[in-house]
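Notes follow the structure.
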Amino acid sequence: MSVTITPSTHAVPDAEREEKVAAPGFGKYYTDHMVVCEWTEADGWGTPELKAYAPISLDPAAMVFHYGQEIFEGMKAYRQPDGSIALFRPEANAGRFKRSAARIALPEMPEELFLETVDALVKQDAGWVPEKIGESLYIRPFMFATEVGLGVRPSNRALYMLIATPAGAYFNPANAVTVWISTEYVRAALGGTGEAKCGGNYAASLVAQRAAAKEGCDQVVWIDAVERKWIEEMGGMNLYFVKGSGAGATIFTPKLTGTLLPGITRDSILSVAADLGYKVEEGMISVDQWRDGVASGEITEIFACGTAAVVSPVGCAKSAMGTWVTGDGNPGVITMQIRNTLLGIQHGTIADTHHWMKKVL
Ligand SMILES: *Cc1c(COP(=O)(O)O)cnc(C)c1O
């Protein structure tokens, strides 16, 4: 199935686009086009259409507005040294999108169809891909229930859409993230939707995010729903703990128990850290072990990782059990080494030994 392409008749003029791409921010500007693809239970997937970015019109009784049947992805296209553009592990996003759909009772989009739409949009809007290290085109695929009706059941219609926004390097090495470990709210329990990338998980997290902000924190750290002690993840990112220092350091991350979102950045760092010669471990770490590990000096660095920010150092942790700080408030040496290695692979300045990059143009 190929994508039907109807170029925009009112694309942003070159000079204005270049100005925007030079200082992109995040989610501030959207590219000239989007992709839309309809699914119905009767006919399956239609032909995806690439067309001018524009508002859409939906019936007020469309099911997504009432029961929240919605999923999304986040992925990036990076400018390469030769001027070409490449996507980072797009098959991993296609696979996760299918798994999220299955959990939310939305139709599973074939990987090839998903990848074809991403390819088409990046090609069409190539002029929106920034050039500098750390900058990228952030791509947001999403899907939601469009059947009209208030009966509670899986929708028999869905709309898949794809939009893109140029993203700046919003990493500030002087600013480690301060986190609030929430003992009041729960993000996910076994059997729930923690593993699915769905809007509903985020809707349920916002009140905790607001509580964190009230405590002067940038992000929420979630602990498990049952024992209320095991560290799971941070906001929309996974967490890593560095134990020890130098060549003998261990890079540790909470294991995927069924309630964590299986991050593609998390997965990539397991490989990158091993490639760099570190010992890599997935396991359980409790709030107490975090606090004690920092106090004894065993835990030397902490960072969060995800597609949007790639790697962000975590400094201060606050919770009902106290406040403690990792390191000296500056990003750790190993944190920066992992960040720079991953960014180097993404920008084509470091050998892509795992064949993660897929050239688009
Ligand atoms: C998307 C997401 C992540 C990070 O996943 P990446 O594939 O690395 O971007 C982590 N946690 C949550 C809750 C997420 O939604």
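Every heavy atom of this structure was used, including side-chain atoms; hydrogens, water molecules and symmetry mates were not. Ligands are counted one by one from 1 in listed order, and the atoms in each one are counted from 1 as well.
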Is the gap between the ring centers of Tyr138 and Tyr30 under 6.0 Å? no
Can you tell me the protein heavy atom closest to atom 5 (O) of ligand 1 and the distance? Gly263 CA, 3.3 Å
Is the contact between Met75 and ligand 1 made by the side chain, the backbone, both, or neither, using heavy atoms and a 4.0 Å cut-off? neither
Report yes or no: does a heavy atom of Gly74 sit under 4.0 Å from some atom of ligand 1? no
Rounded distance (nearest 0.5 Å) linking atom CD1 of Ile350 with atom CD1 of Ile345: 6.0 Å
Between Tyr53 and His33, is the ring centroid distance below 6.0 Å? no
For the CD1 atom of Ile269 and the OG1 atom of Thr341, what is their distance to the nearest 0.5 Å? 10.0 Å
Ser268 near ligand 1, heavy-atom distance under 4.0 Å? no
Below 6.0 angstrom between ring centroids: does that apply to Tyr160 and Trp39? no
Let me confirm one number: the CH2-NZ distance from Trp128 to Lys20, rounded to the nearest 0.5 Å. 5.5 Å
Could you tell me which atoms of ligand 1, counted from 1 in the order shown, lie closer than 4.0 angstrom to a heavy atom of Tyr202? 12 (C), 13 (C), 14 (C), 15 (O)
Heavy-atom gap Arg96 to ligand 1 smaller than 4.0 Å: yes
Once rounded to the nearest 0.5 Å, what's the spacing between atom OH of Tyr278 and atom CG of Leu270? 15.0 Å
Of the listed options (Leu239, Asn201, Ile264), which comes nearest to atom 7 (O) of ligand 1 when hydrogens are ignored and any heavy atom counts? Ile264
Backbone or side-chain N or O of Arg266 under 3.5 Å from ligand 1 N or O: no
Quick one: are Leu190 and Thr257 in side-chain contact, heavy atoms under 4.5 Å? no
Give the residue, atom name and distance (to 0.1 Å) of the protein heavy atom nearest atom 9 (O) of ligand 1. Thr307 OG1, 2.6 Å
For Glu298, the side chain to side chain donor-acceptor pair (under 3.5 Å) test, sequence neighbours excluded, returns none
Could you find the nearest protein heavy atom to atom 8 (O) of ligand 1 and give me its residue, atom name and distance? Thr265 OG1, 2.6 Å
Using heavy atoms and a threshold below 4.0 Å, how should the contact between Glu233 and ligand 1 be classified: side chain, backbone, both, or neither? side chain
Would you check if Cys198 and Ile104 make a side-chain contact, meaning some heavy-atom pair closer than 4.5 Å? yes
shortest atom 1 (C) of ligand 1-to-protein heavy-atom contact is with Lys197 NZ, 1.4 Å
Please list, in number order, the atoms of ligand 1 under 4.0 Å from a heavy atom of Gly235. 13 (C)
Nearest non-hydrogen contact to atom 3 (C) of ligand 1 from the set Cys305, Ala304, Gly306, Gly236 belongs to Gly236
If you measure every N/O of Arg187 against every N/O of ligand 1, is any gap under 3.5 Å? no
